[in-house]
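Take a look at the structure below.
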Amino acid sequence: MKKTTVINSDLSRVISNMGHMDWLSIGDAGMPVPAGTEKIDLAVTKQLPSFIDVLKNVLSELEVQHIYLAEEIKTVNPEQLTAIKQLLPDTPITFVPHSELKKDLSKTHAFVRTGEMTAYSNIILESGVTF
């Protein structure tokens with residue numbers, strides 16, 4: 001049995017297949033996923049699992065060099081933005097309009113759906129290297 005923290009087989013597979021500068025997205029239960037983008041649906045019920053819990057789990061195995069967030073998170077969901085910054089304090093952030101973030105999901109290896117029910121709880125993670 002796997003000893004590391006990401007035990008969901010689909011999520012573990014996607015992370016292990018990522019290379020430098022590849023994208024993985026994590027988001028709330030309402031984010032539309034483009035046709036052709038793999039969706040790893042972890043949602044069980046409202047707020048379970050939370051966006052932050054899933055992000056923490058992914059960060060335990062994925063080296064991240066850059067993140068992309070919706071511009072709207074700054075005013076609509078500043079608490080979530082603060083939580084993200086606490087987990088990734090030295091990681092550069094690019095803010096884009098939410099409409100652009102939704103389009104960019106088609107460029108990600110997968111979208112991880114959480115049970116999060118707060119607006120603009122969506123992120124694109126750009127993988128880095130560990131050397």
Side-chain angles (χ1 to χ4, degrees):
M1 184 168 181
K2 188 172 163 109
K3 289 173 67 174
T4 55
T5 58
V6 178
I7 61 171
N8 178 282
S9 58
D10 291 324
L11 185 53
S12 181
R13 172 186 47 80
V14 168
I15 292 170
S16 68
N17 282 319
M18 291 182 66
H20 186 215
M21 300 180 74
D22 286 343
W23 285 5
L24 174 67
S25 53
I26 302 170
D28 60 45
M31 188 67 148
V33 182
T37 298
E38 179 179 0
K39 179 168 72 171
I40 301 171
D41 194 344
L42 302 180
V44 176
T45 190
K46 292 179 179 181
Q47 297 303 114
L48 188 62
S50 73
F51 169 83
I52 287 296
D53 286 342
V54 173
L55 179 58
K56 285 179 186 175
N57 185 250
V58 168
L59 292 176
S60 72
E61 291 198 13
L62 181 65
E63 182 69 26
V64 175
Q65 69 179 17
H66 198 99
I67 61 175
Y68 300 84
L69 299 169
E71 184 74 34
E72 293 87 345
I73 195 172
K74 293 176 185 177
T75 55
V76 178
N77 199 348
E79 298 84 11
Q80 196 74 283
L81 177 57
T82 298
I84 292 166
K85 286 180 175 181
Q86 287 175 345
L87 289 175
L88 295 153
D90 301 318
T91 306
I93 302 172
T94 297
F95 292 95
V96 298
H98 186 62
S99 58
E100 185 177 325
L101 193 74
K102 288 191 284 188
K103 289 178 187 174
D104 286 341
L105 294 183
S106 65
K107 302 174 191 173
T108 67
H109 279 238
F111 175 81
V112 183
R113 181 177 181 251
T114 71
E116 186 68 44
M117 294 289 170
T118 60
Y120 303 107
S121 293
N122 303 289
I123 193 169
I124 294 176
L125 307 169
E126 182 177 286
S127 61
V129 293
T130 57
F131 55 88

Same cluster or not: are [X] and [Y] linked, directly or through other Ile, Leu, Val, Met, Phe, Trp or Tyr residues, by side-chain heavy atoms under 4.5 angstrom apart?
| X | Y | value |
| --- | --- | --- |
| I52 | V112 | yes |
| V58 | I73 | yes |
| F111 | M21 | no |
| L59 | V54 | yes |
| I40 | L105 | no |

Quick check for you: to the nearest 0.5 Å, what is the distance between [X] atom [atom1] and [Y] atom [atom2]?
| X | Y | atom1 | atom2 | answer |
| --- | --- | --- | --- | --- |
| I67 | S25 | CD1 | OG | 13.5 Å |
| F51 | N77 | CZ | CG | 9.0 Å |
| I15 | S60 | CD1 | OG | 7.0 Å |
| L125 | L24 | CG | CG | 5.5 Å |

Quiz item: When W23 is tested against each of H109, M18, E126 for side-chain contact (heavy atoms from CB on, under 4.5 Å), which residue passes?
Solution: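 In the set H109, M18, E126, the residue that makes a side-chain contact (heavy atoms from CB on, under 4.5 Å) with W23 is E126.
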Quiz item: Of T108, I124, D104, I123, which meets side-chain contact (heavy atoms from CB on, under 4.5 Å) against Y68?
Solution: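 For Y68, the side-chain contact (heavy atoms from CB on, under 4.5 Å) check succeeds only for I124.
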Answer whether the closest heavy-atom distance between the side chains of [X] and [Y] falls below 4.5 Å.
| X | Y | value |
| --- | --- | --- |
| V33 | R113 | no |
| L48 | T45 | yes |
| K74 | L81 | yes |

Quiz item: Under the side chain to side chain donor-acceptor pair (under 3.5 Å) criterion, do T118 and E116 qualify, and how do the steps go?
Solution: CA-CA 6 Å; T118 60; E116 186 68 44; 2.8 Å; yes
Quiz item: Under 3.5 Å, is there a donor-acceptor pair linking the side chains of Y120 and Q80?
Solution: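 Y120 vs Q80: no donor-acceptor pair found between side chains.
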Quiz item: Any chance the side chains of E63 and S127 put a donor and an acceptor closer than 3.5 Å?
Solution: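 Not at all, the side chains of E63 and S127 share no donor-acceptor pair under 3.5 Å.
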Do the side chain of [X] and the main chain of [Y] share a donor and acceptor less than 3.5 angstrom apart?
| X | Y | result |
| --- | --- | --- |
| T82 | P78 | yes |
| Q47 | M117 | yes |
| T114 | G27 | yes |
| N17 | V14 | no |
| N122 | D28 | yes |

With a cut-off of 3.5 Å and sequence neighbours excluded, list every side-chain donor-acceptor pair involving residues 85-102.
unit_1 : atom_1 : unit_2 : atom_2 : d
T94    : OG1    : H66    : NE2    : 2.6

Self-check item: Carboxylate-amine/guanidinium contact R13 E38, below 4.0 Å
Solution: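 Yes, charged N to carboxylate O under 4.0 Å.
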Quiz prompt | Contact summary for V6 and S12, nearest pair of heavy atoms | solution =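 Of all heavy-atom pairs spanning V6 and S12, the closest is CG1-N, 3.8 Å.
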Exercise. Search all heavy atoms of N8 against all heavy atoms of L11 and return the closest pair with its distance.
Key: OD1-N, 2.9 Å
